[in-house]
Amino acid sequence: MCGIVGYIGQKNTKEILLEGLKELEYRGYDSAGIAVLSGGVFNSFKATGKLINLEEKTKEFQTKGFAVGIGHTRWATHGKPTELNAHPHVGESSYVVHNGIIENYAQLKKNLIDEGVTFLSQTDTEVIVHQFEKNLKTTKNAFDAFKKTIKELEGAYAILLVTKAEEEKIFFAKNGSPMLVGINEANEKYFASSDAPLIGHATDVNYFEDGDYGYVSADEIIIYDKNDTKKAPHFAKLATNKLSAQKDGYRFFMEKEIYEQSDVIADTLLGRVSEKEVLFEELDASLFEGINEIKLCACGTSYHAALTASYLFERYAKVKSTVEIASEFRYREPIMSKETLFVVISQSGETADTLETLKMAKNAGLKTLAICNVDNSSMVRLADATILARAGIEKGVASTKAFATQVTIFWMLSLYLAKRNNTLTQAAIEKQLELLRALPLCVKVQDSMHERIKRLSKRYLHGHGFFFIGRDIFFPLALEGALKLKEISYLHAEGYPSGEMKHGPIALADPELFTIALLPEHLLYEKSKSNVEELSARDSTICAISPLAFDKADDFIETKKQKDYMLEFFEMMVVVQLLSLEISVRLGNDVDMPRNLAKSVTVE
Ligand code: F6R
């Protein structure tokens, strides 16, 4: 996701900013930029793609003596990953970098345009710098103008702004997005959106709190809190281990990525969910013309997301939907019809089997769509259309947040198609949109839930197998839960449709067979419950995941009462992810790099 750095001092500012951005590389980005103000002159550079492109562009540029500088790595959310949309954004004599979302940017932008301001980018960020310069004209004082600007912004942000109006300061504000300032004995000041870029440079750091704003110069750190009361910085010693800093305090990348799901889902929804409908500006309506079937093709976790999609497409949009495992599909001489939209789903966009099926579909003349987390990947380049998941870089080999964004996209796409096909009433669509908007909050990890799962996990370190069971879309979730557990605990686990257990697998039931039962309130509850009762009667050990108490369970993980089964799906997704994580931790396994696995499978 996006990253911010800033520096005030005498050293080579350009090098320090670029080095800082490099430390943020692990978060993923599609463009980067810096702005340096020294001796009354601004120098700014931006480049898309890898940091090396920015390094190349700044090769000739050197800073000598005192300078202030800001830098940014961007993961596109508002507007495409172009150089114009890359930060820093410029006004007449100021530059800004920003993480987060300015929710009221459209209104601010409209007002500024009406007043004659020209915008260069499609981002929400650019309004900040223009609003600041507008305020500067009336306040005549940079800090007052900055303060006024912050009060006019709604949303989440971490902001750094530099301006010729006060050349030796960096103005900052933080609300909902992380930001810290670091110091050292040489009287240098470093800003960043996480610890990693500061390690080795700063010795002590102050983590800003929500609502904090102010400015930093070579001699001062001035902070005001959300009530406009001045406060002293609160310094803590900075950690010295870079890898642990990249994990933002979490024990593993997988854990961090589970916790990030709320944010990445919010990013995935951004600009795509209005009051009335789902919008995909990246899709041309003609993509669906003449289509009477959707075929989804993927591997592993992405295949589970595809399976979930097939239920939603048929239920909400009444489009026939079939799902294929890519490694099977490519060799079974499938019959392909031009009335079929071929959809590939891939976190990496490089999985060899999935890529091959995309090529087959293209060669057969089918229309193709990629759901992918990596812009410019092979699948994105090849498909006719792409919807980008906005999960940010996923480091843990076991996929978590990518799956969350894939299913979010499929839920949105099913509503988009329902509207197009007139298969849901407007009222029903609006109800679904309201649920979608509730999603980021629903997947926020509750401390009490995590603690409970940590405690429970000690009972599930042995046994002769796990069955994750569920019905309807909770069946693909059961598959996904079982895959997560297999991958990182090395325990045998299967995902099964609840109603299918009695057709064979129930023969395995005994106290050493662990059943992880997904029991949502709002989808086939009674039916699923009676399937679990059958297993309980045969003495399988049952761990029920449900908002409703279940007296036949040995263990019970209580989820929240939700309005709809989709929200229950996402909350239970977090539960099964955490359960696998905690079992793996107790077994002493390498959670982020499980044995025998690679993050991207580019071979057959
Ligand atoms: C499981 C996992 C894998 C991938 C699969 C496909 O946690 O990550 O099963 O989902 O290898 O990868 P992508 O989605 O990159 O095509």
Side-chain angles (χ1 to χ4, degrees), residues 28 252-258 260-261 264 268 296-309 323-330 342-359 361 368-383 386-410 468 476-491 493-495 573-574 576-581 583-584 589-604:
F252 307 98
F253 282 110
M254 180 184 177
E255 184 179 34
K256 173 172 172 276
E257 286 158 7
I258 293 172
E260 263 171 20
Q261 290 180 122
V264 298
T268 302
L296 302 129
C297 198
C299 302
T301 289
S302 298
Y303 168 73
H304 299 152
L307 272 179
T308 313
V323 192
E324 306 276 353
I325 291 178
S327 57
E328 284 298 306
F329 188 73
R330 61 185 287 194
F342 194 82
V343 183
V344 285
I345 305 94
S346 176
Q347 187 283 129
S348 60
E350 303 296 346
T351 302
D353 285 323
T354 313
L355 183 60
E356 188 54 37
T357 65
L358 177 60
K359 288 180 189 158
T368 57
L369 169 66
I371 312 295
C372 191
N373 192 37
V374 181
D375 201 8
N376 282 322
S377 58
S378 303
M379 287 183 218
V380 170
R381 290 199 307 271
L382 197 62
T386 298
I387 301 177
L388 282 179
R390 296 165 179 165
I393 205 162
E394 195 177 54
K395 282 210 134 187
V397 165
S399 179
T400 51
K401 61 177 183 166
F403 176 75
T405 55
Q406 288 167 341
V407 180
T408 304
I409 287 178
F410 283 133
F468 286 70
L477 184 59
L479 288 171
E480 177 56 10
L483 180 63
K484 289 290 85 89
L485 187 66
K486 275 191 273 232
E487 286 183 287
I488 59 173
S489 74
Y490 320 139
L491 293 168
E494 281 190 61
M573 171 195 78
V574 176
V576 295
Q577 292 168 341
L578 288 173
L579 185 62
S580 302
L581 171 84
I583 290 175
S584 172
N589 297 343
D590 186 339
V591 171
D592 286 330
M593 272 188 264
R595 70 184 187 200
N596 306 340
L597 297 177
K599 185 67 190 158
S600 181
V601 186
T602 52
V603 290
E604 245 195 86

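For ligands, and for the atoms within them, numbers begin at 1 and follow the listed sequence. Keep in mind that what you see is a predicted model, and the values were worked out from it rather than measured.
- Checked against ring pair (Phe, Tyr, Trp, His ring centres under 6.0 Å), Phe329 has the following partners two or more places apart in sequence or in another chain: Phe342.
- Side-chain contact check for Phe468 versus Leu485: some heavy-atom pair is nearer than 4.5 Å.
- The side-chain hydrogen bond (donor to acceptor under 3.5 Å, both in side chains) test applied to Thr405 returns no partner, not counting sequence neighbours.
- Residues Pro594 and Tyr490 form a side-chain contact, since some pair of their non-hydrogen atoms from C-beta on lies under 4.5 Å apart.
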Distance dump, ligand 1 polar atoms to protein, N/O, under 3.5 Å:
residue: ligand 1; atom: 7 (O); partner: Thr301; partner atom: OG1; Å: 3.3
residue: ligand 1; atom: 7 (O); partner: Ser399; partner atom: N; Å: 2.8
residue: ligand 1; atom: 7 (O); partner: Lys484; partner atom: NZ; Å: 2.9
residue: ligand 1; atom: 7 (O); partner: Glu487; partner atom: OE1; Å: 2.8
residue: ligand 1; atom: 7 (O); partner: Glu487; partner atom: OE2; Å: 3.0
residue: ligand 1; atom: 8 (O); partner: Val397; partner atom: O; Å: 3.4
residue: ligand 1; atom: 9 (O); partner: Thr301; partner atom: N; Å: 3.2
residue: ligand 1; atom: 10 (O); partner: Thr301; partner atom: N; Å: 3.1
residue: ligand 1; atom: 12 (O); partner: Thr351; partner atom: OG1; Å: 3.4
residue: ligand 1; atom: 14 (O); partner: Ser302; partner atom: OG; Å: 2.6
residue: ligand 1; atom: 14 (O); partner: Gln347; partner atom: N; Å: 2.7
residue: ligand 1; atom: 15 (O); partner: Ser346; partner atom: OG; Å: 3.4
residue: ligand 1; atom: 15 (O); partner: Gln347; partner atom: N; Å: 3.4
residue: ligand 1; atom: 15 (O); partner: Ser348; partner atom: N; Å: 2.9
residue: ligand 1; atom: 15 (O); partner: Ser348; partner atom: OG; Å: 2.6
residue: ligand 1; atom: 15 (O); partner: Thr351; partner atom: OG1; Å: 3.3
residue: ligand 1; atom: 16 (O); partner: Ser346; partner atom: OG; Å: 2.6
residue: ligand 1; atom: 16 (O); partner: Thr351; partner atom: OG1; Å: 2.5

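- Take Glu324 and apply the side-chain hydrogen bond (donor to acceptor under 3.5 Å, both in side chains) test, not counting sequence neighbours, and it matches Lys295, Arg332.
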### Query
Could you walk me through whether Glu480 and Gln577 pass the side chain to side chain donor-acceptor pair (under 3.5 Å) check?
CA-CA 9 Å; Glu480 177 56 10; Gln577 292 168 341; 5.6 Å; no
